[in-house]
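Report on the structure given below.
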Protein chains: 4
Amino acid sequence: MAAEKKITRAEQKALRPIQILDAAFEEFVRCGFAGTRVEDIAERVGVTKGTVYVYFETKETLFEAMINHFSVPFQELLAITDELSGSATERLKSILSLLYEQIAEDRTTRELVRLVIAEGQRFPDLIDRHHDEFIAPIIAKIDSLIVEGMASGEFRQIPVEFSDMVVAPILTRTVLRLIFDDRRDPIPNKEAFLRTYFDLLFNGLLAKPG
Amino acid sequence: MAAEKKITRAEQKALRPIQILDAAFEEFVRCGFAGTRVEDIAERVGVTKGTVYVYFETKETLFEAMINHFSVPFQELLAITDELSGSATERLKSILSLLYEQIAEDRTTRELVRLVIAEGQRFPDLIDRHHDEFIAPIIAKIDSLIVEGMASGEFRQIPVEFSDMVVAPILTRTVLRLIFDDRRDPIPNKEAFLRTYFDLLFNGLLAKPG
Amino acid sequence: MAAEKKITRAEQKALRPIQILDAAFEEFVRCGFAGTRVEDIAERVGVTKGTVYVYFETKETLFEAMINHFSVPFQELLAITDELSGSATERLKSILSLLYEQIAEDRTTRELVRLVIAEGQRFPDLIDRHHDEFIAPIIAKIDSLIVEGMASGEFRQIPVEFSDMVVAPILTRTVLRLIFDDRRDPIPNKEAFLRTYFDLLFNGLLAKPG
Amino acid sequence: MAAEKKITRAEQKALRPIQILDAAFEEFVRCGFAGTRVEDIAERVGVTKGTVYVYFETKETLFEAMINHFSVPFQELLAITDELSGSATERLKSILSLLYEQIAEDRTTRELVRLVIAEGQRFPDLIDRHHDEFIAPIIAKIDSLIVEGMASGEFRQIPVEFSDMVVAPILTRTVLRLIFDDRRDPIPNKEAFLRTYFDLLFNGLLAKPG
DNA sequence: CATGAATGAGTTTTCATTCAT
DNA sequence: TATGAATGAAAACTCATTCAT
């Protein structure tokens with residue numbers, strides 16, 4: 001408790017914008033951009049409307065800042081994927097595991113996906129930047145792994161423009177969780193999910209002849 | 001031409017609600033529930049605000065009616081899937097082809113998916129009803145096909161609770177089109193998509209030994 | 001009273017914007033542009049804020065419309081000045097009498113002058129248009145009269161670019177009334193004002209030699 | 001240079017209020033009382049809002065202090081007029097020349113006139129005090145000069161309550177410059193202005209007979 | 001049925017002012 | 001003194017909804 005008191009003016013000031021961004025995330029996720037009241041964001045932080053406007057010029061600005069703020073973990077994921085080693089299969093599994101963890105299992109990223117789908121049309125620049133900074137590099141990474149695997153004879157030949165099929169189960173699980181919000185479609189355990197995912201992805205549905 | 005002219009009062013009146021639902025769809029898709037103005041819907045029809053309220057009690061009522069109105073084609077899909085014949089593989093391919101056509105390629109269904117993701121939290125009953133009426137039966141259908149295929153030795157053994165992975169590429173393509181709205185990620189031809197989809201789904205990514 | 005009831009919807013609608021413009025005039029005059037509350041304008045009309053926005057998009061729009069509305073009488077003045085006859089002196093007296101009546105004596109125009117001085121910087125386009133449509137033509141008219149009078153030997157030779165000195169007593173009286181608002185500087189009778197004005201203007205202050 | 005550096009704490013503090021008054025003048029002139037933000041005044045000085053409130057209790061207080069501060073030069077003018085000598089005509093010319101210089105040519109006084117016209121209704125006491133301290137004494141001075149000139153036969157007999165006509169070209173020029181802000185109505189040279197002004201004032205517009 | 005003027009409750013935004021540091 | 005974060009009251013503006021015609 002004494003420790004809490006130690007929060008000085010200066011520290012408080014550095015904290016405020018983060019607190020507001022956190023609160024904004026919750027409210028925007030709950031009600032969407034248009035449906036969210038700035039006052040509710042403020043209340044969640046424990047300040048008044050006016051304070052929000054001290055830090056963010058408009059509701060739009062706040063929304064954009066919030067999206068940027070919560071996109072940071074995604075960037076870290078990108079860094080990790082560069083340091084993998086092993087066969088193409090092993091590295092692909094690693095990346096897909098990480099992606100699953102980051103997108104489907106992490107509530108923040110999952111809800112970010114909701115906002116991108118729901119509000120993307122109102123913030124096209126934000127979407128474009130996200131595509132360029134997050135989606136495209138990851139897709140490129142997976143593409144190059146597949147190309148490498150095909151070149152080495154590890155993978156069968158498939159048209160590389162469809163590499164999003166490789167990550168499809170991850171995005172699909174993410175979206176289904178967004179829609180049914182764990183009421184329906186309860187989430188089974190991660191290990192089983194990944195095991196089946198990789199089994200299907202690498203071996204296919206058909207029983208092998210012979 | 002004379003026939004067209006005959007569309008007078010009585011028919012016009014029967015048409016009105018449909019026109020309003022169509023306009024509502026466009027506006028709700030464009031701006032979301034909270035961001036849409038009833039006046040803009042009216043303007044799109046060429047009437048005034050008041051007229052919308054002649055047919056629909058509130059904006060919420062209109063939204064729900066619109067969702068129901070545009071969910072009809074989906075029901076037809078369900079009927080068709082019961083009449084298929086052939087091997088499990090063939091029937092699965094047929095269902096997935098139909099689903100792809102209906103969900104990823106059809107703009108209306110695609111945008112309905114956006115609304116479900118974006119506004120689902122505000123209209124949980126709507127979502128639940130949709131799950132029960134559309135999603136569950138289709139998943140059940142696919143599940144039973146897979147079970148059947150596994151039983152007959154046509155398919156390998158996979159845990160049936162992950163059957164959504166089978167349709168994942170379809171939902172993924174749908175969502176990516178929603179997000180990037182054909183600016184990025186241009187849609188390749190359908191045949192190539194389905195060919196690769198089925199190839200991967202049935203045979204997997206790995207080169208077969210031998 | 002029955003007559004008042006006769007005001008139908010249609011007539012009421014045609015009246016509303018005028019009522020709002022009248023109320024806007026009073027409030028803008030009283031508090032200036034920034035100091036005026038749209039709600040006070042509405043209250044003066046006996047409607048609510050929202051109604052004002054039915055007719056005028058923004059406070060700025062309303063302000064501009066109000067200025068334009070009340071500038072109309074000024075245009076009529078211009079028309080009259082073209083129909084004068086008599087000597088240059090007589091016509092000049094007629095014009096100056098009209099101007100005095102229209103600018104210094106008419107409360108509406110007088111307050112319009114206040115708004116032009118006070119808010120001109122915020123609405124430069126409005127000011128420019130007024131200059132071109134009202135001020136410039138009147139100055140031109142007076143200029144041409146003076147030139148004509150000088151040519152005919154009726155007037156002494158003076159540099160024509162200073163013709164605003166000829167109307168100076170009118171604008172000065174206007175401004176003084178605006179500043180002291182009849183508390184100080186009580187207004188003497190019009191006839192005496194014009195008599196002295198013309199006497200000084202035509203004969204000057206100095207006693208004539210001889 | 002060393003001297004300039006010496007302006008430290010003590011002198012800085014003595015300077016602050018003046019700096020604030022100067023900044024307040026510019027902002028109040030630009031946006032009017034209601035339209036001016038205290039923050040903009042502070043920013044112009046290079047301090048923060050709070051600092052303004054260290055020196056002035058409220059925005060109103062600041063406005064009034066600013067008006068008083070910039071009215072000082074006017075007082076000096078009054079002193080000078082008492083020391084003139086020569087014929088009534090000569091002294092009148094001197095006074096009018098000084099007035100022209102002080103009111104029409106001096107930007108500060110000119111803008112003060114704008115504020116008096118624009119904000120006078122909100123600050124009636126300020127206006128009254130100004131009338132009593134500046135306007136009335138000057139008008140009185142001119143009145144007495146005219147009376148003296150009439151008594152000595154130098155001037156023709158005119159009703160003395162209209163002496164504001166004598167200064168009208170000065171106020172008129174001031175107001176026109178305020179309205180058109182030198183965009184229209186470019187200012188001709190001072191000498192020509194005064195020459196024509198005095199010529200018209202003393203001799204009138206009419207060609208003298210004989 | 002259709003209108004659209006009017007409402008009023010609500011939302012975003014602004015800003016003078018305060019006060020702990 | 002100076003700061004600037006925070007306030008809160010108010011102002012501009014919005015819009016779903018109503019209702020007399």
Side-chain angles (χ1 to χ4, degrees), chain A residues 8-10 12-17 34-42 45-62, chain B residues 9-10 12-13 16-17 34-42 45-62, chain C residues 8-10 12-17 34-42 45-62, chain D residues 9-10 12-14 16-17 33-42 45-62:
Chain A
T8 64
R9 252 314 133 102
Q12 175 68 292
K13 186 200 164 170
L15 225 52
R16 248 318 106 82
T36 291
R37 291 152 24 100
V38 173
E39 189 156 19
D40 286 342
I41 294 172
V45 179
V47 297
T48 60
K49 260 180 312 187
T51 304
V52 174
Y53 284 94
V54 168
Y55 294 91
F56 302 94
E57 293 216 335
T58 64
K59 195 169 123 175
E60 286 211 7
T61 307
L62 173 55
Chain B
R9 260 137 283 170
Q12 173 70 315
K13 280 176 188 172
R16 259 302 120 81
T36 291
R37 291 148 30 95
V38 173
E39 189 157 17
D40 287 341
I41 294 173
V45 179
V47 298
T48 59
K49 267 182 305 189
T51 305
V52 174
Y53 283 91
V54 168
Y55 295 93
F56 301 93
E57 293 226 332
T58 66
K59 195 168 119 173
E60 286 209 9
T61 307
L62 173 55
Chain C
T8 64
R9 252 314 133 100
Q12 175 67 291
K13 186 200 165 173
L15 224 54
R16 246 324 102 81
T36 291
R37 291 153 23 97
V38 172
E39 190 156 17
D40 286 342
I41 294 173
V45 178
V47 296
T48 60
K49 256 184 313 188
T51 303
V52 173
Y53 284 95
V54 169
Y55 294 91
F56 302 94
E57 293 216 336
T58 64
K59 196 169 123 174
E60 287 211 5
T61 307
L62 173 55
Chain D
R9 260 136 284 172
Q12 174 69 316
K13 282 177 187 172
R16 258 303 119 81
F33 177 78
T36 291
R37 290 148 32 94
V38 172
E39 189 157 18
D40 287 340
I41 294 172
V45 178
V47 297
T48 58
K49 269 182 304 191
T51 306
V52 173
Y53 283 90
V54 169
Y55 295 94
F56 302 93
E57 293 227 329
T58 66
K59 196 168 118 173
E60 287 210 8
T61 308
L62 174 54

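So you know, we letter chains A, B, ... as the sequences are listed, proteins then strands, and number each from 1. The structure displayed is predicted, hence computed values, not measured ones.
Checked against F/dA16, F/dC13, E/dT18, the side chain of B/Lys59 finds its nearest nucleotide in F/dA16. Closest to the side chain of D/Thr48, out of E/dG8, F/dT3, E/dA2, is F/dT3. Of the candidates E/dC1, F/dA5, E/dT12, the closest approach to any side-chain atom of A/Tyr55 belongs to F/dA5. Counting only heavy atoms from C-beta on, D/Val38 has its side chain closest to E/dA16 among F/dA6, E/dA16, E/dT3. Nearest to the side chain of B/Arg37, among F/dA2, F/dA16, F/dG4, sits F/dA16. When distances are taken from the side chain of B/Val54 to each of E/dA16, E/dT13, E/dC1, the shortest belongs to E/dC1.
The residue among C/Val47 and A/Ala34 whose nearest nucleotide of DNA chain E is located toward the 5' end is C/Val47. Of the two residues near DNA chain F, A/Gly50 and C/Glu60, the one whose nearest nucleotide lies more 5' is A/Gly50. Residue B/Gly46 is the one, among B/Gly46 and D/Glu39, whose nearest nucleotide of DNA chain E lies closer to the 5' end (criterion: closest heavy atom). Annotation: of the two residues near DNA chain F, B/Thr36 and C/Thr58, the 5′-most nearest-nucleotide partner is C/Thr58.
Counting heavy atoms from C-beta outward, B/Leu62 and B/Ile41 have side chains that approach closer than 4.5 Å. By the 4.5 Å heavy-atom criterion applied to side chains, D/Arg16 and D/Val54 are not counted as neighbours. By the 4.5 Å heavy-atom criterion applied to side chains, A/Val45 and A/Thr51 are not counted as neighbours.
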Canonical and wobble pairing (Watson-Crick, G-U, under 3.5 Å) of DNA chain F, dot-bracket with |
.||||||||||||||||||||

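Residues A/Ala42 and A/Lys49 approach most closely at CB-N, 3.7 Å, considering heavy atoms.
Atom-to-atom, CZ of C/Phe56 to P of F/dA12 comes out at 16 Å; the value is rounded to the nearest Å. A/Tyr53 places its OH atom 16 Å from the P atom of F/dA6, with the value rounded to the nearest Å. Rounded to whole Å, the distance from CZ on C/Arg16 to P on E/dG4 is 17 Å.
Residues satisfying the side chain to side chain contact (heavy atoms under 4.5 Å, CB included) criterion with C/Thr61, sequence neighbours excluded, are C/Glu57, C/Thr58. For C/Glu60, the salt bridge (Lys or Arg N to Asp or Glu O under 4.0 Å) criterion is met by no residue, not counting sequence neighbours.
Remark: C/Thr51 is not in phosphate contact with E/dA5, judged by side-chain N or O atoms under 4.0 Å from OP1 or OP2.
Below the 3.5 angstrom threshold, one finds a donor paired with an acceptor across the side chain of C/Lys49 and the base of E/dG10.
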